[in-house]
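Right, one structure below, let's go through it.
Please read all numbers here as calculations on a predicted model, not as lab measurements. The first residue in the sequence is number 1, and the count goes up from there.
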Amino acid sequence: MASNAAVPFWRAAGMTYITYSNICANLVRNCLKDPYKTEVLSREKVHFSISKWADGKPQKPIIRSDNPEA
């Protein structure tokens, strides 16, 4: 008989651990005071590249960002 007592609360709420940790990180960042808050928010930006593959070779990568200004 399985028990739900050992299930982490983020899983019981229907979240993944990544979603839960992102929510916690955002809460901590928003609680910081300046100048620490601006420094941390500047490091939060994410940049990545996507390459499509054709005939077994990667095509020219596309640089993406979660920051609308970039």
Side-chain angles (χ1 to χ4, degrees):
M1 195 183 277
S3 171
N4 289 337
V7 176
F9 64 89
W10 50 266
R11 177 68 68 193
M15 288 190 268
T16 64
Y17 181 75
I18 297 297
T19 305
Y20 165 71
S21 64
N22 283 336
I23 291 170
C24 291
N26 284 332
L27 287 171
V28 170
R29 284 186 211 108
N30 289 333
C31 290
L32 293 172
K33 294 181 181 180
D34 281 325
Y36 305 110
K37 186 173 186 174
T38 55
E39 179 184 338
V40 169
L41 289 176
S42 69
R43 286 186 290 179
E44 153 180 53
K45 297 174 182 72
V46 175
H47 304 283
F48 57 95
S49 66
I50 299 174
S51 296
K52 292 190 177 186
W53 288 69
D55 299 325
K57 295 182 182 178
Q59 303 298 311
K60 182 179 178 185
I62 301 169
I63 306 297
R64 300 276 176 107
S65 175
D66 69 343
N67 185 7
E69 299 128 22

Atom of Gln59, atom of Ala54 and distance for their closest heavy-atom approach
NE2-CB, 3.3 Å

Over all atoms of both residues, closest heavy-atom pair of Arg29 and Lys37
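Closest approach of Arg29 to Lys37: O-CG, 3.7 Å.
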
Pairs where residues 46-61 contributes a residue and the test salt bridge (charged side-chain N to carboxylate O under 4.0 Å, His left out) is met, not counting sequence neighbours:
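Not a single pair qualifies under salt bridge (charged side-chain N to carboxylate O under 4.0 Å, His left out).
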
Angle class for the Phe9/Tyr20 ring planes (parallel below 30°, perpendicular above 60°, tilted otherwise)?
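Judged by the thresholds at 30° and 60°, the geometry between Phe9 and Tyr20 is perpendicular.
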
In Å, rounded to the nearest 0.5 Å, how long is the span from CG of Leu32 to CG of Leu27?
11.0 Å

